[in-house]
Amino acid sequence: MELSERKQKILDAIIRTYLETGEPVGSRTISKYTDLNLSSATIRNEMADLEEMGYIVQPHTSAGRIPSDKGYRLYVDEIIRTKDQEVSQIKDVMIRKTDQMEKMLKQIVKVLASNTNYATMITGPSLHSAKLKFIQLSRVHEMQLLAVIVNDGNIVRNQIIDLDEPMDEEQVLRLNLLLNTRLNGLTIDEISLGLITKLKEEAGIHSDVVSSVIDAVAEAISADDEVPVYTSGATNIFKYPELADPGKASELISALEDKNSLVDMLREEQREGDDPGTGIQVYLGGKSQMESMKDCAVVTATYDLGNGMKGTVGIIGPKRMDYENVVDNLKVLKKELDTIFNDKGKDKSP
């Protein structure tokens, strides 16, 4: 028998309340926490039907109800179905946004190079201080799990977990409930040793699986994706005699083509933090992390998309660069980027 919408909502409320309290749930509690506007008597009748259908059980006479394995199964299947749709939508949106963002960032560095007459670079956004959004564990076969992990920046990662002993569907179901109830909404720093120990105790014989999942979660919400870097204006270097020497110019142009080194340089320099007044940092010569930049000034600013997504824009020129013009350009650009991306983030649906 298919559940009516009303029964589905009551079952959902029973399971959510039980997961929070660990105590059997009565009709009065459900009447307070649902938007059904039903009397306790009506809810009791619906709960009696749910019990007869095998979705909830009454552990003791005159006690409230708790979910049965069948009830948990329906609940988790619905979560997984909803999350599957969400992951699919997230991927579609991110593909579209990534294409639009790439075009925008390439245009930005061209305009910036033209306005300043220096070499320019900008990184695509990467995630900082991400929180776990949800975990979905599925059996590949009895000795292997697939963990799908999504953080609050909607970055999706898949991880295969090898098992030391077989797990059946019901065991995977209970582990899904345990992990999502305890971990969702936390950053990696908030997943403490004490919390991990408690999770392992609750997981019982599957405590080793919890360790593997925690490792996968840590990787998913801590590891950086490959950060794209876009550059423009490299030939502007030849306009300045102190940089136009063939050897120096060649080294600088090679450095601007070395995307990984540029990202490492920007990350290292940004660790010092932006100037609190302008959000802009200036690095002179010897302080640069790249030897080829020792005769240059590098001016950087961080733009913020919200939800922990940040990127960096930088301008490279001689030490005698027009700092006032550069800072003005970066302040305007930083403000525009923050506005554009934050507006997009608020919008509009997938």
Side-chain angles (χ1 to χ4, degrees), residues 3 8 11-12 14-25 50 53-57 59 65-88 90-91 130-152 155-188 190-223:
L3 288 183
Q8 182 78 54
L11 177 61
D12 187 71
I14 291 170
I15 294 175
R16 288 180 182 276
T17 304
Y18 181 67
L19 287 175
E20 288 176 9
T21 66
E23 300 290 335
V25 183
L50 287 168
M53 296 163 73
Y55 290 107
I56 56 177
V57 295
R65 270 69 165 186
I66 65 173
S68 66
D69 286 349
K70 183 178 179 181
Y72 278 132
R73 166 57 60 194
L74 183 68
Y75 178 74
V76 172
D77 283 350
E78 178 60 23
I79 288 176
I80 290 174
R81 185 188 67 78
T82 302
K83 296 304 183 183
D84 278 343
Q85 290 178 347
E86 187 176 339
V87 169
S88 179
I90 287 168
K91 286 181 176 178
K131 294 181 180 181
L132 178 66
K133 193 168 185 178
F134 66 86
I135 302 168
Q136 179 182 316
L137 299 180
S138 305
R139 283 206 323 163
V140 178
H141 52 72
E142 64 176 12
M143 295 300 293
Q144 204 170 59
L145 296 178
L146 171 65
V148 178
I149 299 161
V150 181
N151 61 33
D152 62 349
I155 306 299
V156 182
R157 290 188 186 275
N158 299 321
Q159 179 83 29
I160 292 291
I161 297 174
D162 293 316
L163 302 173
D164 293 330
E165 56 184 78
M167 286 187 74
D168 61 28
E169 290 287 353
E170 293 304 320
Q171 291 169 324
V172 174
L173 163 67
R174 291 181 182 277
L175 198 54
N176 262 314
L177 285 169
L178 173 65
L179 292 168
N180 280 287
T181 303
R182 299 287 187 264
L183 299 180
N184 286 7
L186 300 182
T187 66
I188 191 61
E190 293 170 332
I191 302 176
S192 64
L193 183 59
L195 176 56
I196 294 171
T197 301
K198 187 174 181 182
L199 280 171
K200 286 184 174 182
E201 289 174 357
E202 293 184 54
I205 62 172
H206 301 299
S207 60
D208 289 345
V209 180
V210 170
S211 297
S212 299
V213 172
I214 295 293
D215 289 342
V217 168
E219 183 178 342
I221 63 179
S222 298

**OP:** Start with the C-alpha gap between L146 and I160, add the side-chain angles, then the distance that decides, and say whether side-chain contact (heavy atoms from CB on, under 4.5 Å) holds.
**Re:** CA-CA 5 Å; L146 171 65; I160 292 291; 3.9 Å; yes
Subject >> Contacts of type side chain to side chain donor-acceptor pair (under 3.5 Å), residue E202, not counting sequence neighbours >> reply: R182
Subject >> Inter-residue atom distance L175.CG - L137.CG, 0.5 Å rounding >> reply: 5.5 Å
Original post:
Got a second to check how far L163's CG is from S212's OG, nearest 0.5 Å?
Top reply: 8.0 Å
**OP:** List for me each residue that meets side chain to side chain donor-acceptor pair (under 3.5 Å) alongside D69, sequence neighbours excluded, and say none if there are none.
**Re:** R174
Original post:
Roughly how far apart are M143 CE and E165 CD, rounded to 0.5 Å?
Top reply: 8.0 Å
Subject >> Heavy-atom donor-acceptor pair, R65 side chain to Y55 backbone, under 3.5 Å >> reply: no
Subject >> Nearest heavy-atom neighbours spanning V172 and R139 >> reply: CG2-CG, 3.5 Å
Subject >> Gap between atom CG of L179 and atom CD of Q136 - 0.5 Å precision >> reply: 12.5 Å
**OP:** Specify the closest pair of heavy atoms between L173 and Y72, including all atoms of both residues, with the distance to one decimal.
**Re:** CD1-O, 3.6 Å
Original post:
Listed by chain and number, what are the side-chain contact (heavy atoms from CB on, under 4.5 Å) partners of R16, not counting sequence neighbours?
Top reply: D12, Y75
Original post:
How many angstroms lie between atom OG of S138 and atom CD of E169, to the nearest 0.5 angstrom?
Top reply: 8.0 Å
Subject >> For N184, all residues meeting side-chain contact (heavy atoms from CB on, under 4.5 Å), sequence neighbours excluded >> reply: L132, F134, N180
Subject >> Worked verdict on I15 versus V25 for side-chain contact (heavy atoms from CB on, under 4.5 Å) >> reply: CA-CA 9 Å; I15 294 175; V25 183; over 6 Å; no
**OP:** With the side chain counted from C-beta on, respond yes when I56 and I66 share a heavy-atom pair under 4.5 Å apart, and no when they do not.
**Re:** no
**OP:** Not counting sequence neighbours, which residues clear side chain to side chain donor-acceptor pair (under 3.5 Å) with S211? List them please.
**Re:** K200
**OP:** Give me the one residue out of I214, I196, L178 that meets side-chain contact (heavy atoms from CB on, under 4.5 Å) with L183.
**Re:** I214
Original post:
How would you list, by chain and number, every residue that makes a side-chain contact (heavy atoms from CB on, under 4.5 Å) with S68, sequence neighbours excluded?
Top reply: V57, K70
Subject >> L74 and L3: CA distance, side-chain angles, deciding distance, side-chain contact (heavy atoms from CB on, under 4.5 Å) verdict >> reply: CA-CA 10 Å; L74 183 68; L3 288 183; 3.3 Å; yes
Subject >> From L177 atom CG to I135 atom CD1, the distance as rounded to the nearest 0.5 Å >> reply: 11.5 Å
